[in-house]
Amino acid sequence: MLHAEHLWTPLGWQRDVMLGQGAETTRARFVLPGMPDLHSHAFQRAMAGLAERRGPGDDSFWTWREAMYAFASRIGPDALRAIATQLYVEMLKAGYTRVCEFHYLHNAPDGKAYAEPTTMSQAIIEAAREAGIGLTLLPVLYMSGGFDGRPLNARQRRFGLTLDAFLQMVEALRAQESAQLRVGIALHSLRAVPEAALREVLASPLASACPIHIHIAEQIGEVQDCLALRNARPVRWLFDHAEVDARWCLVHATHLDDGEMRAIAHSGAVAGLCPTTEANLGDGLFPLAAYLGAGGVLGIGSDSHISVSPVEELRWLEYGQRLATRQRNVAARSAGESVGETLWGAAWRGGRQAAGVAASDDSLRGDCIVLDEAAPLLAARDERSVIDSFVFAGNVPLVRDVLAGGEWVVRDFRHRDEDAIAARFRGVVERLAAA
Ligand code: NGQ
Ligand code: ZN
């Protein structure tokens, strides 16, 4: 059991709360709800830092994507499992207690389906189970290589599924659902899912009551292509062709006009923001202040995993706005409101929604993190200041213990199996580097 002297909830601080199970009671000064990571491509963690060298011309999202495709083509199920397990341990230690895995690496490297089509999904499920992180698995539908419906290129064939194969995969995975495993669906992007397929998926009973995620309007190039071929901007087109509601998570949603921004905010859908990846890939800046002003729901994801840290995502979410507007405390809406608390609470609630799990008091108690009250940075911090110090000033790990799904997976900064998991990861990455 854990005795939390101060437990933060989106409704405010609670005093003297008992959490977790077990006979022995430990004490903690500051406890926060664990953050959901609403957007992950786990395999990309193993190439973090390997695409930061200039190529022959100007680099962009699209040149990064070529490097990513080349890397993806070498990942089989064992490598995926080892990489994802290590990543999920790192997530837990950083304060994420649940992950939405936007999973499109379905087929074998030669592009053919595995004899057991869910082989790669199974690797993700096992990784999450071994790490002890909650998983919302989002099998991805990926059918075409552009807005014009062109076929997949050689490197994209690994991602491709027919509509029937996709629905069968969702159904097979759904049979495994539990408290720690939810299965939603994802449409890779408007580029990758033709209109007719979009309509059919959304009409399927398999999509009726689960999270639905899609990459949208991340790059200006996509907005231009969509305008040219479909006569509408991507977010507008989506709202004109689908009932976008609270089941949906619009990942990135970077390039919005005012009407699109309002449409998302009023729909109750989650804007899935991934600030460190969006910065790394040169995507652009989400209109945060206007969106919060319109009552929009948001959550955060680590996406390419160039960084694995909820505080760094939130920090960059706020700092992007400060740099662009030359103002401070942009995410806080009223006098006296803390930016750190506002963002932690908003991203927790929106993240739970995007993950398809309840955001109740109860759910909070099974997924929470204990801050290191002995850290010099937290000296003389109290209920009013601790979350801002954690979010903005932590440069060393401040997450001491982590409870995920009601179990202690991190104690005293150590994950229960971190050495074996890291050794296996190292072996896989060394083999990939040597190949
Ligand atoms: C992905 N990642 O699917 O991994 C994408 C790149 C694409 C981001 N958008 C590929 N950050 O969008 O076509
Ligand atoms: Zn993504």
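In listed order, ligands and their atoms are each counted from 1. The figures here come from the full heavy-atom set of this structure, side chains too, leaving out hydrogens, waters and symmetry mates.
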Can a cation-pi geometry be assigned to R411 and W408, taking NZ or CZ under 6.0 Å from the six-membered ring centre and within 45° of the ring axis? yes

Margin query: If you measure every N or O of T277 against every N or O of ligand 1, does any of those distances drop under 3.5 Å?
Written below: no

Can you find a side-chain donor-acceptor pair between S304 and Q44 that sits under 3.5 Å?
no

Between the side chains of E101 and Y88, does any donor sit under 3.5 Å from an acceptor? yes

One finds that the ligand 1 atoms under 4.0 Å from a non-hydrogen atom of E218 are 8 (C), 9 (N), 11 (N)

- Do the numbers put R431 on top of the ring of F425, so that NZ or CZ is under 6.0 Å from the six-membered ring centre and no more than 45° off the axis? no

OG of S144 to NE2 of H188, rounded to nearest 0.5 Å, is 10.5 Å

Heavy atom of W64, distance to ligand 1 below 4.0 Å: yes

min-distance protein heavy atom vs atom 5 (C) of ligand 1 -> H215 CE1, 4.0 Å

Note: ligand 1 atoms sitting under 4.0 Å from heavy atoms of H252 are 9 (N), 11 (N)

Ligand 1 to L281, heavy atom cutoff 4.0 Å, flagged ligand atoms 11 (N)

Original post:
Does a sphere of radius 6.0 Å around CD in E243 hold more than 12 heavy atoms from other residues, nucleotides or ligands, not counting ones at 6.0 Å or beyond?
Top reply: no

- Does any N/O atom on R191 come nearer than 3.5 Å to any N/O atom on ligand 1? yes

- request: Could you verify whether a donor N or O on one side chain and an acceptor N or O on the other, from S267 and D245, lie under 3.5 Å apart?
  value: no

Note: Y104, heavy atoms under 4.0 Å from ligand 1, region reported as side chain

Closest to atom 3 (O) of ligand 1 among protein heavy atoms sits H188 NE2, 2.8 Å

Taken in chain and number order and not counting sequence neighbours, the residues that satisfy ring-ring contact (aromatic ring centres under 6.0 Å, His included) with H106 are H103

Near the Zn ion (ligand 2), protein N/O/S count under 2.8 Å comes to 3

Here the gap from L343 atom CG to L292 atom CG, rounded to the nearest 0.5 Å, amounts to 7.5 Å

So do the side chains of L173 and L181 get within less than 4.5 Å of each other, counting heavy atoms only?
-> no

If you scan protein heavy atoms around atom 10 (C) of ligand 1, the nearest is R65 CD, 3.5 Å

* Asked: Looking only at heavy atoms of E278, does any of them come nearer than 4.0 Å to an atom of ligand 1?
  -> no

| query | Side-chain donor-acceptor pair under 3.5 Å between Q122 and T119, yes or no? | reply | no

If we number the atoms of ligand 1 from 1 as shown, the ones under 4.0 Å from a heavy atom of D303 are 11 (N)

Donor on one side chain, acceptor on other, H305 and S40, under 3.5 Å:
yes

A student checking ligand 1 against Q44 at a 4.0 Å heavy-atom cut-off should list atoms 4 (O)

